[in-house]
Amino acid sequence: MLNQIKGLHHVTSLASSARENNAFFTNVLGLRRVKKTVNFDAPDVYHLYYGDADGTPGTVMTYFPFPHAARGRPGTGEVGTTAFAIPKGSAKVWAERLGTFEVEDLATDTRFGEVRVTFKGPDGDGFALVETGDDDRAPWTGNGVDADMAIRGFHSAEMRLRDAGASAELLRFMGYEEVDSDGDHTRFAVPGGNGADVIDIETLPGVQHAGQGAGSVHHIAFAVENRARQLEVREALLDTGYQVTPVIDRDYFWAIYFRTPGGVLFEVATNEPGFDRDEDSAHLGEALKLPSQHEHLRTTLERHLEPIE
Ligand code: ZN
């Protein structure tokens, strides 16, 4: 069993409008945009990152907004719900706030004994805000979201699978422990994590495979401290029979990717070097940052990409 993985690093999803996506995460959910760059593999599309003040691993929600992309079709083989941690007692004010922004499918319920507010993002993305009692992560505040309600970072990601077996085994291999179950839902948590410690599996045997589109999670990334730890994880996964990509330089972290038995794309990303490697912390996310291999496209991209606040 591995011990290098310390929880989620980031979650990356697809969107249909950069402007709408940016407004939702900054003005409605109150996160900080910590990077405005492009998809390194398709540079005519933005890659937008939202998180806490520094974009600390475990807080970072990222998007590829493909203009006018059709919505995804929810199903199995994907992450259906991305959950953020909020302070105890703040679900009610969040429900009121989200109501004033007229978000889709707003509801409040209790799962695993935790109060949560569930809702859809601008492209039908499945989100939850989960009340947690002992989260000492410092939040980003502003836009009408103050410290007594602000998002602390990720609480969990929930995978919807036809069969949980092989994915549960993979999570255990990655260092997660099964900690609870609630109906069709099984909860895994990694000991000694960064706060974004939980992965839930919802088992839905009869449900068809999801169709990826706007509002779908593209992949979830797990955090390791550095490149040495990442190489250990890569070797172990290869030894277990997983096909893992080579290490890829994403400028703000190093990444490896592999497909899980349930169909979800996993990434393992390093905490180094972080989002302040190419801009001052006070101005994170403001300027369009391009990786060196795409810098020659700057003039074209600045003309082509949808302007955002
Ligand atoms: Zn990623």
Side-chain angles (χ1 to χ4, degrees), residues 4-15 18 21 25 31 33-43 45-52 54-66 69 72 77-84 121 123 125 127 153-154 156-159 170-171 174 190 193-194 196 199 212-227 229-231 233-234 237 242-260 262-275 277-278 284-285 289-291 293-294:
Q4 296 89 342
I5 288 167
K6 300 300 178 192
L8 290 168
H9 185 286
H10 63 270
V11 174
T12 296
S13 294
L14 306 176
N21 182 256
F25 280 91
L31 299 182
R33 191 175 72 227
V34 294
K35 196 61 64 183
K36 180 166 79 168
T37 182
V38 294
N39 181 334
F40 288 12
D41 303 320
V45 172
Y46 275 123
H47 195 176
L48 303 175
Y49 292 75
Y50 312 98
D52 69 357
D54 305 314
T56 306
T59 74
V60 185
M61 185 77 215
T62 100
Y63 273 86
F64 300 132
F66 288 88
E78 68 172 356
V79 169
T81 305
T82 305
F84 297 95
D123 293 297
D125 335 40
F127 290 122
F154 291 118
S156 57
E158 182 180 86
M159 301 194 282
L170 170 62
L171 287 174
M174 291 168 65
V190 71
N194 59 16
I199 299 289
Q212 200 166 73
S216 303
V217 172
H218 184 268
H219 64 268
I220 58 174
F222 295 85
V224 290
E225 189 186 346
N226 56 38
R227 296 187 69 193
R229 299 289 89 77
Q230 182 181 54
L231 286 176
V233 172
R234 184 170 185 276
L237 288 167
Y242 283 97
Q243 295 192 5
V244 188
T245 66
V247 177
I248 301 171
D249 182 359
R250 295 306 192 192
D251 275 17
Y252 311 106
F253 48 88
W254 299 81
I256 56 174
Y257 304 85
F258 63 105
R259 185 75 61 180
T260 66
V264 178
L265 185 61
F266 277 9
E267 173 183 342
V268 176
T270 58
N271 291 349
E272 58 182 8
F275 293 97
R277 72 173 286 276
D278 62 355
L284 279 186
K289 306 307 282 186
L290 297 174
Q293 67 270 31
H294 297 319

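Counting convention: from 1, in listed order, for ligands and their atoms alike. Atoms considered below: every heavy atom in the structure, side chains included; atoms not considered: hydrogens, waters and symmetry mates.
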Next on the checklist: Please report, to 10°, the angle around the Zn ion (ligand 1) from atom NE2 (His10) across to atom NE2 (His219).
Outcome noted: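 Nearest ten degrees: 120°.
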
Checklist entry - Within less than 2.8 Å of the Zn ion (ligand 1), any N, O or S from His9? => result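 No, since none of the N, O or S atoms of His9 sits under 2.8 Å from the Zn ion (ligand 1).
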
Item to check | Qualifying residue for ring-ring contact (aromatic ring centres under 6.0 Å, His included) with His9, from Phe275, Phe222, Phe253 | outcome: Phe253

Checklist entry - Tyr63 and Asp125: side-chain donor and acceptor closer than 3.5 Å? => result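 Looking only at side-chain atoms, Asp125 and Tyr63 do form a donor-acceptor pair, the distance falling under 3.5 Å.
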
Checklist entry - Hey, are Asp41 and Arg250 close enough for a salt bridge, meaning a charged N less than 4.0 Å from a carboxylate O? => result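 Salt bridge: yes.
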
Next on the checklist: Angle between ring planes, Phe64 versus His47, binned at 30° and 60°: parallel, tilted or perpendicular?
Outcome noted: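 Phe64 and His47: tilted rings.
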
Next on the checklist: Quick check: of its N, O or S atoms, which one does Glu267 have closest to the Zn ion (ligand 1)?
Outcome noted: OE1

